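Heads up, the thing below is written out as structure tokens.
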Amino acid sequence: MLDRIGVASLDDLYADVPEKYRLRESPDLPGSMSEEEIRDFFQGLDSRNARLKVFAGAGAYDHYTPSVVPYIASRSEFLTAYTPYQAEISQGTLRYIFEYQTMICNLTGLDASNASLYDGPTAAAEAMKMALACTRKKSRVLLSRTLLPNVVAVVETYARFHGVELGYVPEEGGQTSREALVEALLSGDVAGVIVPSVNRFGIIEDHGGFADAIHAEGGVLIEYCDPSTLAVVKSPAEWGADIAVGDGQSLGIPLSWGGPYVGIMACKTEFLRKMPGRIVGQTVDADGKRCYVLTLQAREQHIRREKATSNICSNESLMALYVTVYLSVMGLEGLREVNRLSADGAHYLKAELLKTGRFEDVYPDRPFLKEFVLRYKGDNAELQKRLCEGGFFAALATEEGYVSFCVTERRTKAEIDRLVAIAREG
């Protein structure tokens, strides 16, 4: 093999790796252990992890995962990571993906959903490319400054390597500026605009008039959503959005140190053929019985790479299964209850923190659900350190110097009161 590729030794394969990064001695690996010893070893490592109560959000939320979700997701009917091309042996996987798509359509109010993407930020980046594919002679996509920083960063990365020009709509009073958006649209080159349903300050944005202004200039409106909140806030369809994206982590997926998560995407029927990822459709077999198949597959590896709308082919559909089971168990009323409990706790925490005299309200007149920002009259890093030492992961700093808090249905009044007591001590 070395002769065939034209190198003399295995070391030559790593010639481009600087010497200081190359291991020259055998790694110091432990000896073999029995199964029981291995379990004890890893339990010892796990015991060193701090068990903090999560009062932080920023796009990943500590919602409760019913025990039935991982139980069903672990069943053998669903344990495959590969694309279910052979429908005859993949009906279990295809069916839950079809149900997932239906549920995402119900939440967003839009006509069609794909079979999920990697996570929320990459779904937003794919929507950026989709907007360009759906419009003619448009070269620019606008991002709201109230989007989550990680979403903006991923979209910017995709844009840089795909030659897409980006523009930014500033924040005004805690939400996307309508006046600045209308002015930016006058250039005539805007293919799409990405705005958050609930933004990085936790504020529920008012997008009245956005869709009309964008459509009048031939562009598409893309809403970035926390899908869990769509049970109680206006859906993307109600705002007139053409595409909805977001991270499905809030629908039953544990935080898990940042992943794996799942990106949702839904759109109007007219944009269906420009949507990336897999799509499962319902049909009938030779006996007239209902069945499911992959459909509208003129994308990714099925056509020339340079002609594809997207080159994402694989995804984490196991996470889509988590979402499907979670939504089946919770139902619309369950989601509303999750939001009610979260909102009650968040509003109580905000009021109690303001009573300490150590905080100032930043956006007192803006509506919020489970997340909010305050200005701390002290050192933000010191506050976060004290809370961490007290058992709480909270008070994330924003680029403006605010601190953010988030409350989900998992947090109790006793926990909130203890957090407030620690914050008051500063």
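Remember, it's a predicted structure, so these values are computed and weren't measured experimentally.
For the salt bridge (Lys or Arg N to Asp or Glu O under 4.0 Å) condition, the pairs that include at least one residue of residues 392-408, sequence neighbours left out, are Arg200-Glu399, Arg200-Glu400. Judged as a salt bridge (Lys or Arg N to Asp or Glu O under 4.0 Å), the pairs with a partner in residues 48-62 (not counting sequence neighbours) are, in order, Asp46-Arg51, Lys53-Glu415, Asp62-Arg410, Asp62-Arg411. Sorted by first and then second residue, the salt bridge (Lys or Arg N to Asp or Glu O under 4.0 Å) pairs with a member in residues 137-158 read Arg140-Asp189; sequence neighbours excluded. The list of side chain to side chain donor-acceptor pair (under 3.5 Å) pairs with a residue in residues 243-255, not counting sequence neighbours, reads Asp226-Ser250. The salt bridge (Lys or Arg N to Asp or Glu O under 4.0 Å) analysis of residues 228-243, with sequence neighbours excluded, yields the pairs Asp242-Lys268.
Annotation for Lys377: atom NZ counts as buried by contact number, over 12 foreign heavy atoms lying within 6.0 Å. For Glu183, the CD atom is loosely surrounded, since the number of other residues' heavy atoms within 6.0 Å does not exceed 12.
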- prompt: Is there a ring-ring contact (aromatic ring centres under 6.0 Å, His included) between Phe201 and Phe372 once you walk through the steps?
  reply: CA-CA 6 Å; Phe201 304 122; Phe372 59 90; over 10 Å; no

- request: Decide yes or no on side-chain contact (heavy atoms from CB on, under 4.5 Å) for Val141 and Val193, but give the supporting numbers first.
  value: CA-CA 6 Å; Val141 173; Val193 181; over 6 Å; no

query: For Arg95 and Ile97, what are the C-alpha separation, side-chain angles and deciding distance, and is it a side-chain contact (heavy atoms from CB on, under 4.5 Å)?
result: CA-CA 5 Å; Arg95 176 167 182 171; Ile97 291 176; over 6 Å; no

- request: Go through the steps for Tyr224 and Val151 under the test side-chain contact (heavy atoms from CB on, under 4.5 Å), then give the verdict.
  value: CA-CA 9 Å; Tyr224 189 90; Val151 174; 3.6 Å; yes

Derivation and outcome, side-chain contact (heavy atoms from CB on, under 4.5 Å), residues Ile214 and Val190: CA-CA 8 Å; Ile214 294 167; Val190 176; 5.9 Å; no

message: Apply side chain to side chain donor-acceptor pair (under 3.5 Å) to residues Arg22 and Tyr14 and explain how you reach the verdict.
response: CA-CA 9 Å; Arg22 298 172 69 177; Tyr14 303 96; over 6 Å; no

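Of the possible donor and acceptor atoms, one in the side chain of Tyr261 sits under 3.5 Å from a partner among the backbone N and O of Leu255. Using a distance-only test at 3.5 Å, with no hydrogens or angles considered, no donor-acceptor pair links the side chain of Ser256 to the main chain of Gly258. A donor-acceptor pair under 3.5 Å links the side-chain atoms of Thr65 to the main chain of Gly252, judged by distance alone. Judged by distance alone, with hydrogens and angles left aside, the side-chain atoms of Gln91 form a donor-acceptor pair with the main-chain N or O of Tyr292 at under 3.5 Å. Checked by atom type and distance alone, the side chain of Thr93 never pairs as donor or acceptor with a backbone atom of Ser90 at under 3.5 Å. The backbone N or O of Arg178 lies less than 3.5 Å from no partner atom in the side chain of His207, so there is not a single donor-acceptor pair. For the pair Thr295 (side chain) and Gly281 (backbone), a donor-acceptor distance under 3.5 Å is absent.
Inter-residue side-chain proximity for Phe98 and Leu94 is flagged as unmet; no heavy-atom pair is nearer than 4.5 Å. A heavy-atom distance below 4.5 Å is found between the side chains of Phe405 and Leu419. Looking at Thr108 and Ser235, their side chains never come closer than 4.5 Å, going by heavy atoms from C-beta outward. Two residues are said to be in side-chain contact when any heavy atoms from C-beta on lie closer than 4.5 Å; Val420 and Thr356 meet this criterion. With a 4.5 Å cut-off on side-chain heavy atoms, Leu52 and Cys388 count as touching. Contact check for Val164 versus Met128: side-chain heavy atoms found under the 4.5 Å cut-off. Counting heavy atoms from C-beta on, the side chains of Asp119 and Val262 never come closer than 4.5 Å. When side chains are defined from C-beta on, Val373 does not count as touching Phe368, because their heavy atoms never get closer than 4.5 Å.
Closest of all the heavy-atom pairs between Tyr326 and Pro66 is CD1-CD, 3.7 Å. Shortest non-hydrogen contact noted between Ser113 and Tyr100 is OG-CE2, 4.2 Å. Nearest heavy atoms, Ile104 versus Ile264: CD1-CG2, 3.9 Å. Across every non-hydrogen atom of Met265 and Val245, the tightest pair is CE-CG1, 3.8 Å. Here the closest heavy-atom approach between residue Leu383 and residue Ala395 is recorded as CD2-CB, 3.9 Å. Between Asn114 and Pro276 the shortest heavy-atom distance is ND2-O, 2.9 Å.
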Which pairs would a plain distance check flag for residues 340-347, meaning a side-chain donor or acceptor within less than 3.5 Å of a matching protein atom at least two apart in sequence or in another chain?
| from | atom 1 | to | atom 2 | distance (Å) |
| --- | --- | --- | --- | --- |
| Arg340 | NE | Glu337 | OE1 | 3.1 |
| Arg340 | NH1 | Asp344 | OD2 | 3.0 |
| Arg340 | NH2 | Glu337 | OE2 | 2.7 |
| Ser342 | OG | Val338 | O | 2.8 |
| Ser342 | OG | Glu409 | N | 3.1 |
| His347 | ND1 | Ala343 | O | 2.8 |

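For the salt bridge (Lys or Arg N to Asp or Glu O under 4.0 Å) test, residues two or more places apart in sequence or in another chain that qualify with Glu382 are Arg386. Glu352 is linked by a side-chain hydrogen bond (donor to acceptor under 3.5 Å, both in side chains) to Lys355, counting only residues two or more places apart in sequence or in another chain. For Tyr61, the side-chain hydrogen bond (donor to acceptor under 3.5 Å, both in side chains) criterion is met by Glu371, not counting sequence neighbours. Considering only residues two or more places apart in sequence or on other chains, Arg366 meets the salt bridge (Lys or Arg N to Asp or Glu O under 4.0 Å) condition with none of them. With sequence neighbours left out, the salt bridge (Lys or Arg N to Asp or Glu O under 4.0 Å) criterion links Asp361 to Lys350. With sequence neighbours excluded, the residues satisfying salt bridge (Lys or Arg N to Asp or Glu O under 4.0 Å) with Arg336 are Glu333.
The CZ atom of Phe210 sits 9.0 Å away from the CD atom of Glu223 when rounded to the nearest 0.5 Å. Rounding to the nearest 0.5 Å places CG of Leu272 at 9.0 Å from CG of Asp111. With values rounded to the nearest 0.5 angstrom, Glu99 atom CD is found 8.5 Å from Gln282 atom CD.
Under the 30°/60° scheme for interplanar angles, the aromatic rings of Phe392 and Phe55 are found to stand perpendicular. By the 30° and 60° cut-offs, the orientation of the rings of Tyr363 relative to Tyr402 is perpendicular.
Side-chain atoms of Glu205 and Thr146 include a donor-acceptor pair closer than 3.5 Å. No hydrogens or angles considered: a donor-acceptor pair under 3.5 Å links the side chains of Glu172 and Ser177. In this model, a donor atom of one side chain and an acceptor atom of the other lie less than 3.5 Å apart for Asp417 and Tyr348. Checked by atom type, the side-chain pair Ser144/Tyr168 shows no donor-acceptor distance below 3.5 Å.
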